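Just below is one structure, and these are the notes that go with it.
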2 protein chains.
Amino acid sequence: MAALSQKHDVFHAIADPTRRKLLKLLADEELSVTVISEQFPISRTAVSKHLRILAEAGLVKERKVGRETRYRLEPTPLIELKQWLSFYERFWDNKLAMLKHYVENEEMSQWSRAERKENDEKK
Amino acid sequence: MAALSQKHDVFHAIADPTRRKLLKLLADEELSVTVISEQFPISRTAVSKHLRILAEAGLVKERKVGRETRYRLEPTPLIELKQWLSFYERFWDNKLAMLKHYVENEEMSQWSRAERKENDEKK
DNA sequence: ATTATACGAAACCATTTGGTTTCATGTCAA
DNA sequence: TTGACATGAAACCAAATGGTTTCGTATAAT
């Protein structure tokens, strides 16, 4: 039921580094295509195409505001990825891997917490 | 440090459904190329190429045994994926998403448990 | 020694991908 | 109303992708 033969699934969508950067960028704010494009060395049209692929995978939502099209992150489809990963976690019984995973998650949490604080203050 | 500009990173490697099926197949057992190929509708050569891509991403290890080449799962690079995902879990504070995530993980755990049991009995 | 098996390398092919430039259209501002 | 801005559509292109078939070579079996 997760992926009903969408043309672009989550796995495909996040395979491209540009699209992963797009997701990160849209995590905090809703942004217009032009503003987003300024962050990338490629053309606005190219960015627009990536955004559509992300939208087809359900990872971003678009909203028309006047002549702008604004995008924001929609993280729910990542659940499918999480679910897929969970199958392999049982093979991580290697102690070193578990430790590495733990440490990296801690680092990541701290950083994310700071990001959220920053985001909350903007509202 | 995670991905030192490998030609094929984890994100790219798991983007293809055939390669995801390969990983699942190799989770339980070490298998030879021919035996693996029998599980797929494509040629042995095509499967072999997919296996090399997975190997380049570090997701499988190969071992020569006589004239055979056997592959097995190497799950550690998936940590990078887990780490990447952890950043977005922060945005799952939507209650429905959390619930969905919880339920699906429970289902998956049960299934994994059954698989593991089956695997243990084979040994 | 000969034959069969397991595999990778190579050449090839169609389709997809990620990018471009150009053009048309809708919306905002003067 | 006239012009500037924001965007998507379309046509195009080179390279990557996912597949094939053919062939060579190493190993195992008879």
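Keep in mind that what you see is a predicted model, and the values were worked out from it rather than measured. Below, chains carry the letters A, B, ... as their sequence lines are ordered, and counting in each starts from 1.
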Closest to side chain of A/Arg19, choosing from C/dG18, C/dT17, D/dT20: C/dG18

B/Lys61: partners by side-chain contact (heavy atoms from CB on, under 4.5 Å), with sequence neighbours left out: B/Arg72, B/Glu74

Among A/Leu73, A/Leu31, A/Leu54, the one residue meeting side chain to side chain contact (heavy atoms under 4.5 Å, CB included) with A/Leu22: A/Leu54

For residues 41-51 of chain B, please give each side-chain donor-acceptor pair under 3.5 Å, one per line with the distance, not counting sequence neighbours.
from: B/Ser43; atom 1: OG; to: B/Ala46; atom 2: N; distance (Å): 3.1
from: B/His50; atom 1: ND1; to: B/Arg19; atom 2: NH1; distance (Å): 3.1

Measure all distances between protein nitrogen or oxygen atoms and nitrogen or oxygen atoms of nucleotides 7-9 of chain D, and list the pairs falling under 3.5 Å.
from: D/dT7; atom 1: OP1; to: A/Val33; atom 2: N; distance (Å): 3.3
from: D/dT7; atom 1: OP1; to: A/Thr69; atom 2: N; distance (Å): 3.0
from: D/dT7; atom 1: OP1; to: A/Thr69; atom 2: O; distance (Å): 3.4
from: D/dT7; atom 1: OP2; to: A/Thr34; atom 2: N; distance (Å): 2.6
from: D/dT7; atom 1: OP2; to: A/Thr34; atom 2: OG1; distance (Å): 2.1
from: D/dT7; atom 1: O3'; to: A/Thr69; atom 2: OG1; distance (Å): 3.2
from: D/dG8; atom 1: OP2; to: A/Ser48; atom 2: OG; distance (Å): 2.5
from: D/dG8; atom 1: N7; to: A/Arg44; atom 2: NH1; distance (Å): 3.3
from: D/dA9; atom 1: OP2; to: A/Arg52; atom 2: NH2; distance (Å): 3.4

B/Asp16 side chain, from C-beta outward: closest of D/dG18, C/dT21, D/dT17: D/dG18

Pair A/Asp28 + B/Arg90: basic N to acidic O under 4.0 Å: no

Rounded distance (Å) that lies between atom P of D/dA16 and atom CZ of B/Phe11: 21 Å

Check ion pair B/Lys21-B/Asp16 (N to O, under 4.0 angstrom): no

OP1 or OP2 of D/dG19 under 4.0 Å from side-chain N/O of B/His50: yes

Helical bend (five base pairs per end, nearest 10°) for the helix from C/dA1-D/dT30 to C/dA30-D/dT1: 20°

Atom pair distance, as rounded to whole Å: NZ in A/Lys49 and P in C/dT16: 14 Å

Side-chain N or O of A/His12 closer than 4.0 Å to phosphate OP1/OP2 of C/dT17: yes

Partner residues of A/Arg67 under the salt bridge (Lys or Arg N to Asp or Glu O under 4.0 Å) criterion, sequence neighbours left out: none

Whole angstrom value for the distance that separates P of C/dT17 from CG of A/Leu54: 13 Å

Partners meeting salt bridge (Lys or Arg N to Asp or Glu O under 4.0 Å) with A/Glu30 (sequence neighbours left out): A/Arg63, A/Arg70

Whole angstrom value for the distance that separates C1' of C/dT20 from CD1 of A/Ile42: 11 Å

Salt-bridge present (A/Lys82, B/Glu89; N to O < 4.0 Å): yes

B/Tyr88 and B/Phe91 aromatic ring geometry - parallel, tilted or perpendicular at 30°/60° bounds: tilted

Spacing of B/His8 atom NE2 relative to D/dG18 atom C1', expressed in whole Å: 11 Å

Separation of atom CD in B/Glu56 from atom P in C/dG8, rounded to whole Å: 13 Å

